[in-house]
Protein chains: 2
Amino acid sequence: MITIKEIAKLANVSGATVSRVINNSGYVSDGVRQKVMKIVDENKYVPSEHAKALRTKHSKVIGVILPRISTETASRIVNGINEVLAPEGYQIILASSDLELRNEIKYLKLFKSRQVEGIILNATNTSKELMEEVDDLTIPFVAIGQELKGESYVSYNNYEVAKGLTNYLIKKGHKKIAFIGVDEKDTAVGYDRKKGYLDTMKDHSLSIDENWIKTGSFAMTFGEESMESIMNNSLTTPSAVFAVTDRLAIGAMKYLKKHLYKIPDDIAVVGIGASELAEFVEPGLTTVDFNNEKAGREAAQLILNKIQDKEYKNKEIILNYRLIERDSVR
Amino acid sequence: MITIKEIAKLANVSGATVSRVINNSGYVSDGVRQKVMKIVDENKYVPSEHAKALRTKHSKVIGVILPRISTETASRIVNGINEVLAPEGYQIILASSDLELRNEIKYLKLFKSRQVEGIILNATNTSKELMEEVDDLTIPFVAIGQELKGESYVSYNNYEVAKGLTNYLIKKGHKKIAFIGVDEKDTAVGYDRKKGYLDTMKDHSLSIDENWIKTGSFAMTFGEESMESIMNNSLTTPSAVFAVTDRLAIGAMKYLKKHLYKIPDDIAVVGIGASELAEFVEPGLTTVDFNNEKAGREAAQLILNKIQDKEYKNKEIILNYRLIERDSVR
DNA sequence: AGTTTATGTGTAATCGATTCCACACTAAAA
DNA sequence: TTTTAGTGTGGAATCGATTACACATAAACT
């Protein structure tokens, strides 16, 4: 790897001058500039980002922590982030927390040591440990997907969406609505969505069979198992199921179809997320679109603002949503 | 950001000693070790990776260049890469080439300047410009998805798969087989798969209507448009379509279903890639699984080998494939 | 006893850039 | 003619770690 010093020697100038040439800063005569450029090109010199970052504190890197790498939501978010960061010359360094709190914290620390200029966390919880770690971060930080009070975040109106979707089912004539959710430690997806469902049922004085409510993992198979359990163990079988994600909903549909229930006639299904699968599964799944790309873009923009303006105050962005009506509800 | 020097001062020792403590290297007495650790913890000191990398040349970062971030293939590959890299303490820095050669080259250079320890390129072509750039890279390099001769790569047996799939259709009684492909600059997906189809048709002395062959983009809409054009402009309508990716195949199915053709009775469809969509679309799409995760894992392992052993010779890995028979062919 | 050997710690050089400062020169303004 | 301002360049400090080397002390051998 050729260094600035060697380039300087080859061009018979000082390192300072070479630096001025490649950064287009300060005064450099045209002759010298040309000569240096030539040598830079000939030797395919590229300055060391580490040396640069050490000196300037600008690494042009943003750390992104995801719960899992290989999910539709994650890749949409990263895509959105990249869309605004790439044109600004920033790069993304990835980490996957595998849904473990201690990994979220571990990578927060690691990113700090890498001197990333900003951190975007696709959070899965709002635990105290996490908040503490985030609070004494001096690097610009933005969370996606959870409302981390006191920090900047981009999230969705999970409670309202759940209410809306439940209301939608009720308006369609359903009274017996089952629920497939996830662990409530995930405040946004687990707790808020469940509360939206519960509150709405209560608002309409609709009773809930205790076997109608399942909470577990994000796996499609969990949707399937839950549906099975609901159909087999409930005192009265529900006429609709509200699943907290599309995958869960599709898992439920899988079970229902296998056992020859007619969707939406025997039982209606709704999900959340507007995954591509939801569009192609049969019948098409009624769901709500959260626009994950936009969440990524907004988060990236927030980070950028914070980097450029150290005084930039925390901002909370709640993205709106869009109901996509298809054929899994009638 | 607290530095090693400040920790040293607080602990009344030299920076060298602090370094020894945090790296567990050299001799340090127990008392001093304890004292330093305490101060490190209290001040939440994390060493600067830039300073470290500048000195040691080890950044513990691998650069990954993808054609697009938000595709199922890409995220599976990244996932595979991460699976083997993360336990080794490596992180992934991402770049998206947006299918543009000049971006592939741009990021190759950028990664060089970032002193990443290795580069994995999910290539979209085998052009001379790219090869040249790759050839004079001194950093460990592995390509995924294209056979970059002279370099290490992990790829799929595209030609054989295309032959196999075409043969499969023929064996099922099809003689009139249309083809939806992509630009042949993409050697692996564009050229090789098309050649496999063409050669097999020839082997069986089956003639091809010139309107049966379409090549264009990877977009699902292109599959749809192609199918439309095939059905409307061919002299004799085909009884089967071989699409070079699942998305293209599903696009074709979309058109067919909209126009009430029966799949597989009126027309059979096959794709490649084993996307999740292919499983849930109706009828289920017959396709072949390339195991992208494994490709990612293998590539990461190759990079690791190259990093650990500078003499490690280039290796070419061709992953095998698995036919998944579903209901889009009878 | 004298001599190794193991243990413990500090000094200073180093990695490869950026940038402040000093200095030199030229040209225009006073 | 002297000032002043604008150009152009180099020297050297600096960023924050690691590590070779020197040196000191204590323990273990002859």
Side-chain angles (χ1 to χ4, degrees), chain A residues 1-37 39-40 43-61 89 109-117 138-139, chain B residues 1-37 39-40 43-61 89 109-117 138-139:
Chain A
M1 256 323 219
I2 194 161
T3 71
I4 201 172
K5 212 174 278 181
E6 304 175 65
I7 295 291
K9 190 164 288 171
L10 288 173
N12 265 313
V13 295
S14 72
T17 299
V18 176
S19 175
R20 285 185 199 108
V21 171
I22 59 179
N23 292 302
N24 245 298
S25 63
Y27 294 113
V28 184
S29 70
D30 254 21
V32 170
R33 162 163 283 117
Q34 233 97 89
K35 186 171 56 176
V36 170
M37 280 308 249
I39 301 206
V40 163
N43 297 76
K44 292 175 188 281
Y45 165 71
V46 280
S48 155
E49 293 291 331
H50 292 302
K52 201 185 278 192
L54 178 58
R55 184 63 226 255
T56 65
K57 310 281 171 226
H58 298 313
S59 62
K60 284 281 183 179
V61 169
K109 276 190 183 145
L110 186 62
F111 281 154
K112 186 176 158 200
S113 77
R114 287 209 184 278
Q115 313 233 155
V116 299
E117 292 190 51
T138 51
I139 308 169
Chain B
M1 258 319 223
I2 193 160
T3 70
I4 200 172
K5 213 173 278 180
E6 305 175 65
I7 295 291
K9 189 163 290 170
L10 289 173
N12 266 312
V13 295
S14 72
T17 298
V18 177
S19 175
R20 286 186 197 108
V21 170
I22 59 180
N23 293 301
N24 245 298
S25 63
Y27 294 112
V28 185
S29 69
D30 253 21
V32 171
R33 162 163 285 120
Q34 232 97 89
K35 184 171 57 177
V36 170
M37 281 307 249
I39 301 204
V40 163
N43 297 76
K44 292 175 186 278
Y45 164 73
V46 280
S48 154
E49 292 292 329
H50 293 302
K52 201 186 279 195
L54 179 59
R55 184 64 227 255
T56 64
K57 310 285 173 223
H58 299 311
S59 61
K60 285 281 182 179
V61 169
K109 276 189 182 144
L110 186 64
F111 282 154
K112 188 176 156 197
S113 78
R114 287 211 185 276
Q115 312 232 156
V116 299
E117 292 190 52
T138 50
I139 307 169

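Each chain gets a letter, A, B and so on, in the order the sequences are listed, and its residues count up from 1.
Sorted by first and then second residue, the side chain to side chain donor-acceptor pair (under 3.5 Å) pairs involving residues 45-55 of chain A (not counting sequence neighbours) are A:H50-B:H50. Residue pairs satisfying the side chain to side chain donor-acceptor pair (under 3.5 Å) criterion with at least one member in residues 21-33 of chain A, sequence neighbours excluded, are listed as follows: A:S19-A:N23.
Straight-line distance from the CD atom of A:Q34 to the P atom of D:dG8: 13 Å, rounded to whole Å. A:Y45 places its OH atom 10 Å from the P atom of C:dG16, with the value rounded to the nearest Å. One can place CD of A:E49 at 15 Å from C1' of C:dC15, the figure rounded to the nearest angstrom. Atom pair B:R33:CZ and C:dG8:C1' shows a separation of 11 Å (rounding to whole Å applied). Spacing between atom CZ of B:R20 and atom C1' of D:dT19 amounts to 8 Å, rounded to whole angstrom units. The NZ-C1' distance, from B:K52 to D:dA17, rounds to 8 Å in whole Å. We find that NE2 of A:H58 is positioned 8 Å from P of C:dT19, with the value rounded to whole Å. Per the geometry, CG belonging to A:L54 stands 8 Å off C1' belonging to C:dA17, to the nearest Å.
Put simply, the side chain of A:S59 gets close to the backbone of A:Q115: a donor and an acceptor are under 3.5 Å apart. Checked by atom type and distance alone, the side chain of A:K35 pairs as donor or acceptor with a backbone atom of A:A11 at under 3.5 Å. Proximity of a side-chain donor or acceptor of A:E6 to a complementary backbone N or O of A:T3 within less than 3.5 Å is detected.
For the pair A:R114/B:V61, a side-chain contact is recorded, criterion being any heavy-atom separation below 4.5 Å from C-beta on.
Within 4.0 Å of A:S19, counting heavy atoms only, lies at least one base atom of the nucleic acid.
Overall bending of the helix from C:dT3-D:dA28 to C:dA30-D:dT1, expressed as the angle between end axes built from five pairs apiece, is 50° (10° steps).
Rounding to the nearest 0.5 Å places CD1 of A:I39 at 5.0 Å from CG of A:L10.
Residues from residues 21-31 of chain A that place a heavy atom under 4.0 Å from any atom of DNA chain C, listed by number: A:N23. At a non-hydrogen distance threshold of 4.0 Å, A:N12, A:V13, A:S14, A:A16, A:T17 from residues 3-17 of chain A come into contact with DNA chain D.
Not one side-chain nitrogen or oxygen of A:K57 sits closer than 4.0 Å to the OP1 or OP2 atom of C:dT18.
Applying the salt bridge (Lys or Arg N to Asp or Glu O under 4.0 Å) rule to B:K5 yields no partners; only residues at least two apart in sequence or on another chain are considered.
B:I139 approaches B:V116 most closely through the heavy-atom pair CG2-O, 3.5 Å. Contact detail for B:G15 and B:A8: the closest heavy-atom pair is N-CB, 3.6 Å.
In B:M1, the CE atom is crowded: over 12 heavy atoms of neighbouring residues, nucleotides or ligands sit closer than 6.0 Å.
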